[in-house]
Amino acid sequence: ATKEGGKSALTEAEKTDNYDLGWKANLLDSNLIISTSIYYLDINNYIQSLYYYDAEQTRINDDGKPAYTAGLGNVPKITAKGIEFDAVYTFNNTTLRFAGAYSDPRYKDFQYAAKPPELGGLSTTPYYDISGKTIAGASKVSFNISLEHTELVVGDNELHGNINYNYVSSFNPNTSLSRYAKQDGYGLTDLAIGIATNNRKVDFTVIVRNVFDVEYGSLYDWNSFSPSEPRWIGVSLSSKFF
C-alpha cells in the first residue's frame, strides 16, 4: 500500500503433509552412526516473501511499468521430495562427520508471481505463471563435511581444532525467478583452533571464516547484485566459573 491508498494482504496458515521413510545404523561398536531418509512434502499456502502489484503506486509512478510492494504471502501449493544422509565416525578424540541432501522443491501451483524486470510493462497482467519451476532460493544439492579433534597438552589443558566445509549447488535467489538472477554453486571452508584451560573454565579460540576467500556473490536480476562476505578472522574468549 501507499499513503495514497491500497489494501493489506493477509497471510493464511501454512499446512504441510509430510511422508518420510528412514533408516539408522550403529556400526563398529557404535563408533560409526549412519542415518538416512527419503521424504515427500505437500505444502498448501506455502509462506514466502512475495511482491504484490500496487496499482496506486503504479499510477503515481506513471512510467509504464508495474510497481510492487514486498511482503510475506502465500503460494497456493508446493511439493518437495528428496533424500538426506548423515554419518558420524568417532576415533582417537576425533570426530568426522558428513551430512548431505538432495532436494527437488517445486511450485506446484503459483500462477500469480510478480513479473521480473525483463517481463515488465503494463500491456498485460502484472503477474505470470511459474507453476512447475524450482522454488526461489532452493539448491538441489548441499553437503557439509567437518573434522574435529581434541588433545590434552600440559596437564589438563585441552587443545582443540575444527575444520568445516559447506557446499551448496546453484540456485535462483529471485522470488520472481528472473532469468538474469543466479547464485552459482560454492563451497566455504571455516577453521577454528583453540585451547581450553583449567577443565574448560577458560577457552581461547582463533576463528577463520571463508578461509580461501571464495567469491560467491548473487545476481538478483539484471541490475541488482549482492556481494559475498570476504574472509574473516577473529578470536573468541569464553569463561565459566560455576
(Q) Is there a side-chain contact between Phe85 and Ile34 in this structure, where contact means two heavy atoms from C-beta onward sitting under 4.5 Å apart? (A) yes

Q.
Could you check whether any side-chain N or O of Asn61 sits under 3.5 Å from a backbone N or O of Asp63, counting only pairs where one atom can act as donor and the other as acceptor?
A. no

Q) Do the side chains of Ile207 and Trp232 get nearer than 4.5 Å, heavy atoms only? A) yes

Q: Evaluate the criterion side-chain contact (heavy atoms from CB on, under 4.5 Å) for residue pair Thr175 and Tyr51; output intermediate values, then yes/no.
A: CA-CA 8 Å; Thr175 54; Tyr51 289 101; 3.1 Å; yes

Q) CD1/Ile33 to CG/Asp86 distance, rounded to the nearest 0.5 angstrom? A) 9.0 Å

**Q.** Leu237 and Val202, any side-chain heavy atoms less than 4.5 Å apart
**A.** yes

Q. Taking side chain as C-beta onward, heavy atoms only, is Asp203 less than 4.5 Å from Glu158?
A. no

Q. So if you build clusters from Ile, Leu, Val, Met, Phe, Trp, Tyr with side-chain heavy-atom gaps below 4.5 Å, do Ile233 and Val214 land together?
A. yes

Q: Quick one: closest heavy-atom pair of Ala192 and Thr205, and the distance?
A: CB-CG2, 4.0 Å

Q) Between Tyr39 (side chain) and Glu84 (backbone), is there a donor-acceptor pair under 3.5 Å? A) no

(Q) Quick check against the 3.5 Å criterion: does Asp221 have a side-chain atom that pairs as donor or acceptor with the backbone of Pro116? (A) no

Q: Show the numbers, then the answer: is there a side-chain contact (heavy atoms from CB on, under 4.5 Å) between Val168 and Leu188?
A: CA-CA 9 Å; Val168 294; Leu188 299 180; over 6 Å; no

(Q) To the nearest 0.5 Å, what is the distance between CG on Leu152 and CG on Asn93? (A) 7.0 Å

**Q.** Contact summary for Glu118 and Arg179, nearest pair of heavy atoms
**A.** OE2-N, 2.8 Å

Q. Quick one: does Arg231's side chain have a donor or acceptor within less than 3.5 Å of a partner on Val211's backbone?
A. yes

(Q) A side-chain contact here means heavy atoms from C-beta on lying under 4.5 Å apart; do Tyr89 and Leu28 qualify? (A) yes

**Q.** Leu147-Leu159 co-clustered via ILVMFWY side chain contacts under 4.5 Å
**A.** no

(Q) Please give me the minimum heavy-atom distance between Ala114 and Tyr128, naming the atom from each residue. (A) O-CE2, 3.5 Å

Q | Thr189 side, atom OG1; Asp213 side, atom CG - distance, nearest 0.5 Å | A | 11.5 Å

Q) If you measure from OG on Ser226 to CG on Leu219, what distance do you get to the nearest 0.5 Å? A) 10.0 Å

**Q.** Distance (rounded to the nearest 0.5 Å) between Asn45 CG and Glu14 CD
**A.** 8.0 Å

Q.
Let's go through Val75 and Gln48 carefully: what are the C-alpha distance in whole Å and the side-chain angles of both, what is the deciding distance for side-chain contact (heavy atoms from CB on, under 4.5 Å) to 0.1 Å, and is it a yes or a no?
A. CA-CA 7 Å; Val75 174; Gln48 72 164 45; 4.0 Å; yes

**Q.** Main-chain N/O of Val141 paired with Ser169 side-chain donor or acceptor, under 3.5 Å
**A.** yes

(Q) Closer than 3.5 angstrom, by distance alone: can the side chain of Gln183 be matched with the main-chain N or O of Tyr216 as a donor-acceptor pair? (A) yes

Q. Which is it for Ile135 and Leu177 under the side-chain contact (heavy atoms from CB on, under 4.5 Å) test, yes or no, and what are the steps along the way?
A. CA-CA 8 Å; Ile135 69 174; Leu177 298 185; over 6 Å; no

(Q) Under a 3.5 Å distance rule, please check whether Lys108 uses its side chain to pair with a backbone N or O of Ile43 as donor and acceptor. (A) no

**Q.** Over all atoms of both residues, closest heavy-atom pair of Tyr107 and Ala136
**A.** OH-N, 3.2 Å

(Q) If I take atom OG1 from residue Thr36 and atom CG from residue Leu21, how far apart are they, to the nearest 0.5 angstrom? (A) 9.5 Å

Q | Heavy-atom closest pair, residues Ile47 and Glu12 | A | CD1-O, 3.8 Å

**Q.** Shortest non-hydrogen contact between Thr11 and Leu72, atoms and distance
**A.** OG1-O, 3.4 Å

Q. Is any side-chain heavy atom of Tyr167 closer than 4.5 Å to a side-chain heavy atom of Ser142?
A. no

Q | Single-linkage hydrophobic cluster Tyr52~Phe110, side-chain heavy atoms < 4.5 angstrom | A | yes

Q: Check the hydrophobic clustering (I, L, V, M, F, W, Y; side-chain heavy atoms under 4.5 Å; chains of links allowed) and say if Val88 and Ile163 are grouped together.
A: no

Q. Asn174 side chain to Ala181 main-chain N or O, any donor-acceptor pair under 3.5 Å?
A. no

Q: Report yes if some heavy atom in the side chain of Pro126 is under 4.5 Å from a heavy atom in the side chain of Tyr68; otherwise report no.
A: yes

Q) Are the side chain of Tyr53 and the backbone of Thr58 linked by a donor-acceptor contact shorter than 3.5 Å? A) no

**Q.** N/O donor-acceptor pair under 3.5 Å between Glu215 side chain and Gly217 backbone
**A.** yes

Q. Going only through I, L, V, M, F, W and Y residues with side-chain contacts under 4.5 Å, is there a path from Ile78 to Tyr102?
A. no

(Q) Is it the case that over 12 heavy atoms from other parts of the model lie below 6.0 angstrom from the NZ atom of Lys77? (A) yes

Q: Check whether more than 12 heavy atoms from other residues, nucleotides or ligands sit under 6.0 Å from atom CD of Glu229, and answer yes or no.
A: no

Q: Take His160 and Thr150 through the side-chain hydrogen bond (donor to acceptor under 3.5 Å, both in side chains) test and state the conclusion after the steps.
A: CA-CA 4 Å; His160 57 84; Thr150 60; over 6 Å; no

Q | Test item: side-chain donor near acceptor, Asp129 and Ser131, under 3.5 Å | A | yes

Q) Is it true that Lys15 and Asp42 make a salt bridge, defined as a side-chain N closer than 4.0 Å to a carboxylate O? A) no

